[in-house]
Amino acid sequence: MKTQVAIIGAGPSGLLLGQILAKSGIDNVILERQTGEYVLGRIRAGVLESVTVDGLTRAGVTKNLKEQGLPHDGCKLVFNGQEYRVDFKAQVGRNVTVYGQTEVTRDLMEAREEIGATTVYEAKNVALHDVDGESPYVTYEKDGETHRLDCDFIAGCDGYHGVSRPTIPADVLKTYERVYPFGWLGLLADVPPCDHELIYGKSDKGFYLCSQRSETRSRYYLQVPLTENVEDWSDERFWDELKSRMLPEDAAKVTTGPSLEKSIAPLRSFVSEPMRYKKLFLAGDAAHIVPPTGAKGLNLAASDVLYLADAFEDFYQNNSEAGIDGYSARCLARIWGAERFSWYMTKMLHTFPENDAWDNKMQEAEFNQLINSENGAKLLAENYAGLPY
Ligand code: RFL
Ligand code: PHB
């Protein structure tokens, strides 16, 4: 098989890139290790910045988003009993859209099927070859047979545990990492959300987040130690713990119900540089991870993809390599801004086991600056609604 761009991974990065390129007449094939159902079963992000909505618009995939996406003009922060609403709309004139990653992924999968572009699911042992030569190719196994996909370029959209990043020689890659000493236990349930906006809270028992997917589906998270097992969290235990961390007036508005999904995700900040090595380009979680506190993971993936689509369009339509050459630096400028914001939100709103009395006072001062300074609130709103693209 031969194509122009071989895309590794059918998560949101790979599917969005594939759709935009196909619309521009650039042939591409996606190789995905899992089944489509497995990819859709992963419950992840829920908040879209305008850059992500722009990306989906460019891909022509906004029908359901327009009908079902919920515009949010602000969110509530609660810090040890004090609450504060950040008004994104008033502060920076922009808002965000609440629409789940599962829905984004499903919309992109359906659109890809409609245009008849090739996605190979359950592609095993994907390996990248000659990425530093003139004729790169990818091999994979499917139904016991080995296949070869020749291409001009490879887009590594295969997430943090993928094969693309490790293909780059170790002496070329520089990585930066911060691992946090806790995870988030998430619960999805078909119950109405407790508030029309998201609530990010810190109590003396740890962080909690009240999020949503629709007016009838809620997503809640609790900070838990990394030693916790999801099997030890009955629904009842989860709801009790959540309510015990919330302000009593908010807790009174929580509707409980049976969980559709429960899982624990560790928190990590990670960046690898550069994002391009010869014919290989990394995008999304393959190149960087943020802790979910700033709601940036999916949105960064979308901005990488838009820059990469620009670069390939420039190459194939204008015969220019400028976009390709500038890709890594262009992405990383935006990524480091989002890394800073996610790290700041995580540090301000979680309970750190190693914190001493000084650290606790600094956390409190951080929150006070936010609620007492118009500039503090504006900075948060600007970052949350999305840094310039
Ligand atoms: P994905 O979604 O991980 O997709 C990568 C795809 O590549 C496939 N793959 C391979 N395919 C072929 N061969 C291989 N060797 C392969 N190795 C991997 C995988 O099966 C997968 O289908 O990365 P992508 O597309 O870059 O998208 C990024 C987003 O998924 C991610 O940034 C966010 O979901 C991050 N994230 C969250 N972000 C938020 O903004 N809010 C959240 O609440 C939130 N929760 C999360 C998250 C990420 C999590 N991960 C990665 C463990 C919760 C979790 C559990
Ligand atoms: C979610 O709804 O899953 C969600 C929302 C906001 C975040 C993280 C996760 O910051």
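For the numbers below, each heavy atom of this structure counts, side chains included, while hydrogens, waters and symmetry mates do not. Read the numbers this way: they start at 1 and go in the same order the structure lists the ligands and their atoms. Predicted model only: the values in this text are computed from it and were never measured.
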For this session: Could you check atom 31 (C) of ligand 1 against the protein and tell me its nearest heavy-atom contact, residue, atom and distance included?
Result: Asp285 OD2, 3.2 Å

Seminar exercise, completed: Within 4.0 Å of some non-hydrogen atom of Val47, the atoms of ligand 2 are 5 (C), 6 (C)

Problem set entry | The one among Gly9, Pro266, Ala45 that brings a heavy atom closest to atom 41 (N) of ligand 1 | Ala45

Exercise. To which of His288, Arg268, Glu122, Arg44 does the heavy atom nearest atom 2 (O) of ligand 1 belong?
Worked result: Arg44

Exercise. For atom 8 (C) of ligand 2, which candidate among Pro292, Pro291, Ala45 holds the nearest heavy atom?
Worked result: Pro292

For this session: May I ask you to check whether Gly297 has an N/O atom sitting below 3.5 Å from an N/O atom of ligand 1?
Result: yes

Problem set entry | Taking every non-hydrogen atom, the tightest pair across Ala10 and Ile30 | CB-CG2, 3.8 Å

Exercise. Can the positive tip of Lys66 be found less than 6.0 Å from the middle of the six-membered ring of Tyr99, inside 45° of the ring normal?
Worked result: no

Problem set entry | contact_flag Arg219 ligand 1 heavy-atom lt 4.0 Å | no

For this session: Between Tyr221 and ligand 1, find which residue part has any heavy-atom pair under 4.0 Å and reply side chain, backbone, both or neither.
Result: side chain

Exercise. Is it the case that Lys202 places NZ or CZ above or below the six-membered ring of Phe79, under 6.0 angstrom from the centre and within 45 degrees of the axis?
Worked result: yes

For this session: Please answer: with hydrophobic residues joined when any side-chain heavy atoms are less than 4.5 Å apart, are Tyr140 and Leu280 in the same cluster?
Result: yes

For this session: With heavy atoms of Leu31 as the reference, note each atom of ligand 1 found under 4.0 Å away.
Result: 11 (N), 12 (C)

Seminar exercise, completed: Candidates Ser211, Ser218, Gly186, Gly46; heavy atom nearest atom 2 (O) of ligand 2 found on Ser211

Exercise. According to a 4.5 Å side-chain heavy-atom criterion applied to Ile, Leu, Val, Met, Phe, Trp and Tyr, with indirect links allowed, do Leu188 and Leu185 form part of one hydrophobic cluster?
Worked result: no

Seminar exercise, completed: In ligand 1, the atoms that come under 4.0 Å of a heavy atom of Ile8 are 12 (C), 13 (N)

Seminar exercise, completed: Tightest non-hydrogen contact, residues Gly159 and Arg165, listed as O-NH1, 4.3 Å

For this session: Could you tell me whether some N/O pair between Arg219 and ligand 2 is separated by less than 3.5 angstrom?
Result: no

Seminar exercise, completed: If you scan protein heavy atoms around atom 9 (C) of ligand 2, the nearest is Tyr221 CE1, 3.6 Å

Seminar exercise, completed: For Thr293, the atoms of ligand 2 under 4.0 Å from one of its heavy atoms are 10 (O)

Problem set entry | Close-contact set for ligand 1 against Val163 heavy atoms, below 4.0 Å | 15 (N)

Problem set entry | Atoms of ligand 1 close to Lys296 [distance to a heavy atom under 4.0 angstrom, numbered from 1] | 40 (O)

Exercise. For the residue pair Tyr316 and Phe312, does the interplanar ring angle fall in the parallel (under 30°), tilted (30 to 60°) or perpendicular (over 60°) class?
Worked result: tilted

Seminar exercise, completed: Closest heavy-atom approach to atom 5 (C) of ligand 1 among Gly183, Pro166, Cys157 is made by Cys157

Exercise. Is Tyr384 close to ligand 2, meaning an N/O of one under 3.5 Å from an N/O of the other?
Worked result: no

Problem set entry | Ring centers of Tyr384, Phe88 separated by less than 6.0 Å | yes

Exercise. Heavy atoms only: which of Gly284, Gly11, Ser13 is nearest to atom 24 (P) of ligand 1?
Worked result: Ser13

Seminar exercise, completed: atom 6 (C) of ligand 2: closest protein heavy atom, distance to 0.1 Å, is Tyr200 OH, 3.2 Å

Seminar exercise, completed: The atoms of ligand 1 lying under 4.0 Å from a heavy atom of Gln34, numbered in the order shown, are 20 (O)

Problem set entry | Residue portion contacting ligand 1 (non-hydrogen atoms closer than 4.0 Å) for Pro292 | side chain

Exercise. Taking the six-membered ring of Tyr137, is the NZ or CZ of Arg148 close enough (under 6.0 Å from the centre) and on axis enough (within 45°)?
Worked result: yes

For this session: Please state whether Arg213 comes within less than 4.0 angstrom of ligand 2, counting heavy atoms only.
Result: yes

For this session: Any atoms of ligand 2 less than 4.0 Å from a non-hydrogen atom of Ala295? List them with their elements.
Result: 6 (C), 7 (C), 10 (O)

Problem set entry | Minimum heavy-atom distance between Asn299 and Arg334, given as atom pair plus value | O-NH1, 4.2 Å

Exercise. Closest approach of Lys2 and Asp152, non-hydrogen atoms and distance?
Worked result: NZ-OD1, 4.2 Å

Exercise. To the nearest 0.5 Å, how far apart are OG1 in Thr175 and NE2 in His288?
Worked result: 14.0 Å

Exercise. Is Arg237 salt-bridged to Asp235, going by a charged N under 4.0 Å from an acidic O?
Worked result: no

Problem set entry | Audit row: Asn318, Asp314, side-chain hydrogen bond (donor to acceptor under 3.5 Å, both in side chains) steps and yes/no | CA-CA 5 Å; Asn318 308 325; Asp314 224 21; 2.9 Å; yes

Seminar exercise, completed: Logged contact type for Val39 with ligand 1, heavy-atom cut-off 4.0 Å, is side chain

Exercise. Which part of Leu198 is near ligand 2, with near meaning a heavy atom under 4.0 Å away: side chain, backbone, both or neither?
Worked result: side chain

Exercise. Got an N/O contact under 3.5 Å between His161 and ligand 1?
Worked result: no

For this session: Give a yes/no verdict on whether any heavy atom in Ala123 is under 4.0 Å from an atom of ligand 1.
Result: no

For this session: Of the side chain and backbone of Arg44, name the one, both, or neither that has a heavy atom under 4.0 Å from an atom of ligand 2.
Result: backbone

For this session: For the residue pair His350 and Phe182, categorise the inter-ring angle as parallel (less than 30°), tilted (30 to 60°) or perpendicular (more than 60°).
Result: parallel

Exercise. Any N or O of Trp184 that comes nearer than 3.5 Å to an N or O of ligand 2?
Worked result: no

Problem set entry | Residue pair Trp336 / Glu273, side-chain donor-acceptor N/O under 3.5 Å | yes

Exercise. Do any heavy atoms of Leu209 fall under 4.0 Å from ligand 2?
Worked result: yes

Exercise. Which residue supplies the protein heavy atom nearest to atom 34 (O) of ligand 1, what is that atom called, and how far is it?
Worked result: Gln101 OE1, 2.7 Å

